[in-house]
Amino acid sequence: MDSLAELLRASLWTRSLTRAQLDRVEAETVVRDFPAGAYVCRKGEPVEHWIGVVDGLVKMTSVNSQGKTTTFTGVTSGGWFGEGSLLKDPTRRYDIEALRSSRMALMPRATFQWLLDTDIGFNRFLLMQLNERLSQFIAMVEYERLLGPDARVARSLAALFNPLLYPEQATHVQISQEEVGYLSGVSRQRVNQALQVLEKAGLLKVDYGRIRIVDLAGLRAFG
DNA sequence: TCATTAAATTGTT
DNA sequence: AACAATTTAATGA
């Protein structure tokens with residue numbers, strides 16, 4: 001996707017909006033490009049926007065007191081995030097870092113609040129998204145305890161293609177194996193092995209700096 | 001457009 | 001964690 005209009009067209013929560021509502025959203029939302037490695041927002045900053053990914057890939061991370069970083073989840077093109085902070089926190093609780101050059105859509109708090117106050121469909125979408133994320137995190141804890149590294153990598157990748165959170169029908173993701181490791185809690189070396197296993201199983205194809213998905217259902221069910 | 005070089009990523013130990 | 005090999009991106013002729 002290139003433009004805000006395309007992102008809005010692909011987003012599930014715009015389906016219940018009237019043309020006038022959509023125009024207002026489009027007028028008030030700004031687009032900004034971030035280079036790879038840049039922070040889209042930092043922990044502790046005031047929460048001013050609900051943020052969508054027009055094109056790119058960002059990760060949600062947190063740094064502990066000893067300087068160690070953990071990656072919680074990735075957000076790909078078509079996804080929106082930050083509603084949790086917008087609804088309940090004065091400041092951001094996580095860092096958001098671009099994993100590659102990314103184009104982001106920033107919806108002002110006032111616009112978000114207006115949708116929340118006026119549109120039932122928007123509220124339903126937020127419930128769905130919050131529920132989907134919760135399922136994702138619960139599943140991650142479960143997998144961490146029950147599944148081996150190959151399956152963990154498989155499901156972390158599959159999560160990046162959740163059709164409810166990222167409705168565009170993407171066939172690949174531009175991400176290094178090192179970052180896949182951070183997402184799935186596995187060393188880069190082990191990710192490399194896992195990807196070879198998954199490729200041999202016909203579930204995906206490994207390219208330089210990119211992973212192509214061949215069998216999404218198979219990835220989800222692996223292990 | 002092509003060749004060279006630097007940087008990033010991968011595959012292996 | 002370290003290393004060599006490979007691929008891409010950037011640079012300039």
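Every chain is numbered from 1, with letters handed out A, B, ... down the list of sequences.
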Trainee: Does some side-chain heavy atom of V153(A) sit less than 4.5 Å from a side-chain heavy atom of R190(A)?
Mentor: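 In short, these two side chains do not touch, never coming nearer than 4.5 Å.
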
Trainee: Show me the pairs that pass side chain to side chain donor-acceptor pair (under 3.5 Å) and involve residues 195-206 of chain A, at least two apart or across chains.
Mentor: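 Matches after skipping sequence neighbours: N192(A)-Q196(A).
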
Trainee: With a strict under 4.0 Å distance from non-hydrogen atoms of chain A, what nucleotide opens and what nucleotide closes the contacted stretch of DNA chain B, reading 5' to 3'?
Mentor: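 Here the contact window of chain A covers dA8(B) to dT13(B).
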
Trainee: Return the set of residues passing side chain to side chain contact (heavy atoms under 4.5 Å, CB included) with S176(A) (not counting sequence neighbours), or none when no residue passes.
Mentor: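 By the side chain to side chain contact (heavy atoms under 4.5 Å, CB included) rule, S176(A) matches E178(A), E179(A).
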
Trainee: Who are the side chain to side chain contact (heavy atoms under 4.5 Å, CB included) partners of L183(A), not counting sequence neighbours?
Mentor: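 With sequence neighbours excluded, L183(A) shows a side chain to side chain contact (heavy atoms under 4.5 Å, CB included) to T71(A), L160(A), I175(A), given in chain and number order.
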
Trainee: Of Q193(A) and E178(A), whose closest DNA chain B nucleotide lies nearer the 5' terminus?
Mentor: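 Closer to the 5' end of DNA chain B: E178(A).
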
Trainee: Is Q196(A) touching bases, backbone alone, or none of the nucleic acid, heavy atoms closer than 4.0 Å?
Mentor: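 Counting heavy atoms under 4.0 Å across all strands, the contact made by Q196(A) is with sugar-phosphate only.
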
Trainee: Less than 4.0 angstrom from a charged side-chain N to a carboxylate O is my criterion; do R103(A) and D55(A) meet it?
Mentor: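 Not counted as a salt bridge, because no side-chain N and carboxylate O are separated by less than 4.0 Å.
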
Trainee: Taking side chain to side chain contact (heavy atoms under 4.5 Å, CB included) as the definition, give me every residue that meets it alongside N123(A), ordered by chain and number, with sequence neighbours left out.
Mentor: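 So N123(A) forms a side chain to side chain contact (heavy atoms under 4.5 Å, CB included) with L116(A).
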
Trainee: I need the residues from residues 202-213 of chain A with at least one non-hydrogen atom less than 4.0 Å from DNA chain B; give them sorted by number, or say none.
Mentor: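 Listed by number, they are Y208(A), G209(A).
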
Trainee: A quick test of your reading: do over 12 heavy atoms of other residues, nucleotides or ligands sit less than 6.0 Å from CD1 of I120(A)?
Mentor: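 No.
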
Trainee: Suppose the criterion is side chain to side chain donor-acceptor pair (under 3.5 Å): which pairs have a residue in residues 153-170 of chain A, not counting sequence neighbours?
Mentor: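 Output for this query lists E132(A)-N162(A), Y143(A)-R155(A).
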
Trainee: Give the residues of residues 148-158 of chain A touching DNA chain B, defined as any heavy atom closer than 4.0 Å, sorted by residue number.
Mentor: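 Listed by number, there are none.
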
Trainee: Please check if the side chain of R212(A) supplies one atom and the backbone of D207(A) the other of a donor-acceptor pair under 3.5 Å.
Mentor: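 Such a contact is absent between R212(A) side chain and D207(A) backbone.
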
Trainee: Applying salt bridge (charged side-chain N to carboxylate O under 4.0 Å, His left out), can you list everything that pairs with R9(A), at least two apart in sequence or on another chain?
Mentor: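 Per chain and number, R9(A) pairs via salt bridge (charged side-chain N to carboxylate O under 4.0 Å, His left out) with no residue.
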
Trainee: Near F161(A) CZ, under 6.0 Å, is it more than 12 heavy atoms from other residues, nucleotides or ligands?
Mentor: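 Yes, enclosed.
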
Trainee: Filter on ring-ring contact (aromatic ring centres under 6.0 Å, His included), then keep only pairs touching residues 33-79 of chain A, sequence neighbours left out; what's left?
Mentor: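 Non-adjacent pairs meeting ring-ring contact (aromatic ring centres under 6.0 Å, His included): W13(A)-W50(A), W50(A)-W80(A), W50(A)-F112(A), W50(A)-F122(A), F72(A)-Y94(A).
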
Trainee: My understanding is that only residues two or more places apart in sequence, or in another chain, count here; which of them pass side chain to side chain contact (heavy atoms under 4.5 Å, CB included) with N131(A)?
Mentor: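 Scan of N131(A) (side chain to side chain contact (heavy atoms under 4.5 Å, CB included), adjacent residues dropped) gives S135(A).
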
Trainee: Can you pull every protein N or O that's under 3.5 Å from an N or O on nucleotides 2-4 of chain C?
Mentor:
unit_1: dA2(C); atom_1: N6; unit_2: R188(A); atom_2: NH2; d: 3.2

